[in-house]
Structure formats: structure tokens, C-alpha cells
Amino acid sequence: MLLPSLTKRSASQLPYLHQYQLPVFDFLAPCLATRISQSPRLHFSTSRRRRRAEVQSTDNGSLQATSPKVKTALSDEQRKFLESALRVNQAGELAATLIYTAQTPPIVKAHPHLRPLMKHMYDQEAGHFSTFNNLLAKHRIRPTAMYPVWQFAATALGWTTGIMGREAAMACTEAVETEIGEHYNTQVRVLLGWLEETEKKGEEVPEEMRELVEQIRKIRDEELEHLDHAVGEDAKEARPYELLTSVIRGGCRGAIWISERV
Amino acid sequence: MATRAPNLSSHLLYRSILSKPPTAAGFPKILHQHHLSSPYYSSAFPTEPPYPPTESEILSAALSRVLDHGFTSRALSLGATDAGYLEVSANLFPRREFEIVLYHLVRERMRLGERVQFAEEGGGRTVGARRLGVGEKIQSLVMGRLRANVEVGVQGRWGEAIALMAVPSNVPPSLQELARLADEIWYLSGDTSVDGSWYTKRASLASVYAASEVFMTQDQSTDYKDTEQFVEDRLRDVQTVGSWIGNTVEWVGYTGWAGVNLLRSKGFRI
Ligand SMILES: [Fe+2]
Ligand SMILES: [Fe+2]
């Protein structure tokens with residue numbers, strides 16, 4: 001980058017850095033120096049620069065330096081990942097609530113004992129949907145441009161499988177939750193990877209990130225619970241099982257692929 | 001023209017310009033892209049300011065020259081010298097005078113939240129004592145943003161800015177910035193819906209804003225009363241159309257399900 005190295009400020013700020021930190025703990029100089037040179041943009045990271053190293057005394061009385069935790073930053077790729085992940089999740093949960101809404105009347109009419117189960121699964125999906133709605137609003141992420149298309153497709157899928165009967169409806173849940181469960185698993189894995197990396201660097205992980213991992217984990221567990229219910233309600237007896245589940249799973253993957261992009 | 005004594009960094013700037021002529025293609029890409037706001041907005045992860053300090057200083061100095069010199073390369077050169085750089089450093093901006101327009105758009109979008117604040121949040125310039133509805137907030141925010149052009153002193157020259165935004169190569173960044181402004185206004189109004197209406201809301205607000213901006217350049221009324229009326233009327237228009245579309249979609253859905261239920265009650269297995 002051409003500009004920042006040539007500006008008036010960076011030149012005048014360098015001496016300030018030296019008098020502020022290095023002479024105070026000169027025995028730490030090598031480690032501080034590397035920390036400083038790692039900070040890529042001097043203009044913007046004033047708070048980071050102004051942090052002093054803290055000196056603590058340990059049990060045996062020797063002085064040990066512990067640097068206070070530096071707040072971690074998100075790279076552009078990380079921001080993009082979060083944005084598209086949350087957008088896809090919202091679209092998926094929108095679809096889930098609509099699938100159950102359309103399936104419930106015919107299924108419950110034919111099998112009244114399934115009413116509590118259908119309601120339980122719907123309620124959980126509605127909770128997931130509202131979680132992601134809130135996250136999108138909070139982080140100013142646009143919903144997918146395919147929103148009305150997914151509304152239509154999910155209703156059609158729920159309706160068709162609902163009319164086909166209990167086994168088909170359960171096979172639909174099984175197929176959807178298999179894809180969604182894997183999808184959430186991938187996200188949890190990526191986020192945990194970031195947290196681990198951040199901690200390794202000795203930087204502070206914002207509460208917001210931990211919370212997000214927990215939210216996605218909890219939702220994933222509930223999706224897998226739906227999967228178990230579906231298999232318990234004879235999803236595997238659906239005819240034609242292979243065709244039905246492979247079409248639905250393919251559809252889910254396609255929808256995820258598209259929602260990640262538009 | 002009064003030129004200040006160039007300092008050390010201006011010399012460096014000068015030398016690097018001489019050694020590497022700034023062409024639009026060969027120039028660091030960052031100049032074209034740093035206005036992009038990062039996705040995933042979060043208070044836990046603050047983002048960098050959109051302009052590096054040097055550019056910011058030059059462009060904001062150039063803006064103070066716009067009233068006298070218009071949105072021109074001359075204003076940009078004067079801005080560079082006012083900020084203590086060599087005149088030639090105006091060459092840092094491959095988009096020339098359009099860069100002043102864009103800087104103003106970005107800065108005023110980011111300042112809008114401070115300029116217009118609503119009663120329940122307290123502080124700043126509050127609008128009314130009672131709680132405003134989203135529609136009224138949108139209207140105050142649009143007017144607040146339009147009045148910022150007056151307060152910064154560029155309203156008299158705004159026709160030139162509009163002409164620059166209409167130059168074909170400037171259209172994409174201008175539209176992008178207009179879309180960001182519309183998003184900012186909806187965000188500041190406290191609207192949190194993230195459903196299918198998200199796009200139509202932003203598109204219709206953007207169209208109202210663009211039309212009002214053009215109207216305002218011709219407005220001779222006291223304190224821009226006519227513009228205020230224009231904004232109010234246009235917002236009402238799009239609201240009517242918007243709710244008509246929304247109602248139609250809802251009606252189709254409702255009627256569809258009613259038909260299905262009717263057939264079900266007649267014994268059809270659907
Ligand atoms: Fe779900
Ligand atoms: Fe689910």
C-alpha cells in the first residue's frame with residue numbers, strides 16, 4: 001500500500017511509540033517490538049498501541065510480564081463468512097417453519113397422535129427463525145434476495161409431502177435435517193477454529209462470538225432431535241424413499257448454494 | 001494561489017508520483033475500494049474509517065472550496081494545498097472531482113445518525129417530544145440528510161454533483177452509495193424487519209431520495225419548505241404502492257389457503 005507509509009502522521013507517531021513503551025520495560029523489548037510491528041495499520045489502532053504491558057508478581061516473587069488481552073479483529077473473509085452463513089441460516093429456518101406449517105393440517109388430520117410432535121417441531125423452528133431474524137437485524141445483514149422463492153418452494157414441499165402421508169412427511173424432515181445438521185456442523189467447526197486461533201494468539205474473544213457458537217450448537221442439536229423423531233416415525237418406510245430423500249437433499253444443497261450467493 | 005511550504009512527506013509523495021504515474025488502472029486498488037463498508041456490522045468488531053487520514057484531510061479541505069470553485073479539479077488542488085500537501089497530490093485521486101462528491105456522500109451518510117436523533121434516545125437534535133412512527137422518522141432522516149448539503153455549504157453547487165454522478169463511469173459507485181444511504185436511513189429509523197420487504201423498502205426509499213435531491217436543487221422556497229412537502233408526498237406515494245403490493249401478496253396467500261381448506265372440507269385429500 002502506497003499511502004499510509006507516506007502520511008504526515010505515521011512519521012510523527014513512531015517516536016511516540018518508542019518513548020511510550022520500550023524504555024519502560026526494556027528487558028521486554030524484543031517481544032514488544034514484534035507485537036508493534038505486527039500491528040498493520042498504525043492510524044487506526046490507537047487503543048491497541050496505548051495498552052501498557054502489565055507487570056505482575058508471582059508466587060516466588062519474581063516479576064513476570066503479562067500483556068493484557070488485545071481485542072481480536074475480524075478479517076474481511078471472516079466477516080463475509082459470517083454474513084453469508086447467517087443469511088443462509090435465516091433462509092433455512094424460514095423454509096423449515098413453512099414446511100411444517102403446510103404439512104401439519106393433512107398429517108394431523110390423518111394421525112391425530114402426531115399433533116404434539118408437529119407442534120413441538122414447529123415451535124422449535126419458529127424459535128430458530130426468530131433467532132436468525134434478530135441476528136440479521138443486529139448485524140445489518142440483508143436477507144436472501146430469493147426470499148419469496150423460498151417461501152413458495154418450502155410451502156410447496158411441505159404441502160406435497162404432507163399429502164403423500166406420514167412416512168413421506170417424516171422422510172422430508174429426515175432429508176432436510178440431515179443436510180441442515182451437516183451445514184450447522186460445518187459452521188460450528190469453523191467458528192470453534194477461529195476461537196481457538198484467537199486464544200492461541202492471546203487475544204480476547206468477544207462474548208458475541210462465543211454466544212453465536214452456542215446458539216448455532218443448540219439449534220443444531222434440536223435439528224438432530226427432529227431427525228431422530230422423523231426416523232422414529234417411520235421415515236424410512238416412505239415410498240419411493242431413495243428418490244424422495246435424494247431429491248429433497250439435492251434441493252437443500254442447491255438452496256444453500258444459492259442463498260450463500262444472493 | 002498561496003502554497004504552504006511542502007513538508008517531508010509531501011516530498012515523498014511527490015517523488016513517488018513522479019516515479020509511478022497514477023493511472024486509473026495501475027493505481028493501488030485500495031483507492032477504489034476502501035469506501036466499501038465491511039459486511040457483518042458489529043459493535044464488538046469496529047471497522048476502520050473509510051478514508052485514510054491523508055485523503056480525508058485533502059478531500060474535506062476541498063469541500064470547503066466547493067462553494068467558490070464548484071466540484072472541480074481546482075477545488076481538489078486547493079484542498080490539497082490547504083491541507084498542507086503539494087498541489088500535485090490531487091493526482092492521488094484518479095476520479096478527480098467526483099472523489100469530492102463521493103467523500104461528501106460517505107461522510108454525511110456516516111454522520112446522519114448524529115445529525116438526526118429522536119426524542120427517546122435523548123441528546124443531539126431531537127425531533128419532537130413524542131415517539132415518532134417509523135414513517136415520520138424516515139421523513140426526518142431524509143430531510144436531515146438533504147439539509148446536510150446546505151449545512152456543509154454545497155447545496156448551491158449540488159446540480160454539478162448530480163451531473164458528475166450521472167457520468168456513466170460514476171453511476172455504479174453513486175448508486176451503491178445511494179443504496180447504502182437508504183439502508184442507513186431504514187436502520188436509523190429502527191426498522192428491524194429482515195423479510196421479503198427488505199429490498200422493496202430500500203429501493204423505494206432510494207428512488208424517493210434521488211427525486212427529492214433533484215427537486216431541491218430547483219427549490220427557491222424559504223427554508224426548503226417545498227422540498228419538505230415533496231418528500232412527504234413521495235413517501236406517501238411509495239407507502240401506498242408498497243402496502244398495495246404487500247396486501248396483494250397476502251391476499252393471494254390467504255385466498256389460496258382458504259381454497260385449499262374449502263376443498264379439504266369437501267373431502268378432497270389435499
Ligand atoms: Fe431449525
Ligand atoms: Fe429443523
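Reminder, nothing fancy here: chain letters follow the sequence lines and each chain counts from 1.
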Could you have a look at A/Pro148, A/Pro105, A/Ala145 and say which one has the most heavy-atom pairs with chain B under 4.5 angstrom?
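Counting heavy-atom pairs under 4.5 Å, the top option is A/Ala145.
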Proximity breakdown for [X] and chain B, heavy-atom pairs closer than 4.5 Å:
X	answer
A/Gln151	neither
A/Lys109	side chain
A/Met209	side chain
A/Thr144	backbone
A/Leu86	side chain
A/Trp159	side chain
A/Ala110	neither

For B/Arg111, I'd like to know if atom CZ has over 12 heavy atoms of other residues, nucleotides or ligands within 6.0 Å.
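More than 12 within 6.0 Å, yes.
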For the CD atom on A/Glu196, are there more than 12 heavy atoms of other groups (residues, nucleotides or ligands in this structure) within a distance under 6.0 Å?
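At most 12 heavy atoms, drawn from other residues, nucleotides or ligands, come within 6.0 Å of this atom.
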Rounded to the nearest 0.5 Å, what separation is found between the [atom1] atom of [X] and the [atom2] atom of [Y]?
X	Y	atom1	atom2	result
A/Leu136	B/Trp198	CG	CH2	9.5 Å
A/Leu74	B/Ser42	CG	OG	7.0 Å
A/Lys80	B/Tyr40	NZ	OH	16.0 Å
B/Asp195	A/Asn133	CG	CG	8.0 Å

Pick one of side chain, backbone, both or neither for B/Asp183, based on which atoms fall under 4.5 Å of a heavy atom in chain A.
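Contact with chain A is through both the backbone and side chain of B/Asp183.
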According to salt bridge (Lys or Arg N to Asp or Glu O under 4.0 Å), does anything in residues 89-101 of chain A pair up with another residue at least two apart or in another chain? List the pairs.
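Residue pairs with at least one partner in residues 89-101 of chain A: there are none.
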Look only at the side chain of B/Tyr199 and the backbone of A/Pro143, and say whether a donor-acceptor pair between them is shorter than 3.5 Å.
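Indeed, once roles are kept as given, a pair shorter than 3.5 Å links the two residues.
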Does any non-hydrogen side-chain atom of B/Phe45 lie less than 4.5 Å from one of A/Arg79?
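Side chain of A/Arg79 against side chain of B/Phe45, heavy atoms only: contact under 4.5 Å found.
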Exercise: identify the closest heavy-atom pair between A/Ala137 and B/Val194
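Scanning both residues, the minimum pair turns out to be N-CG1, 3.9 Å.
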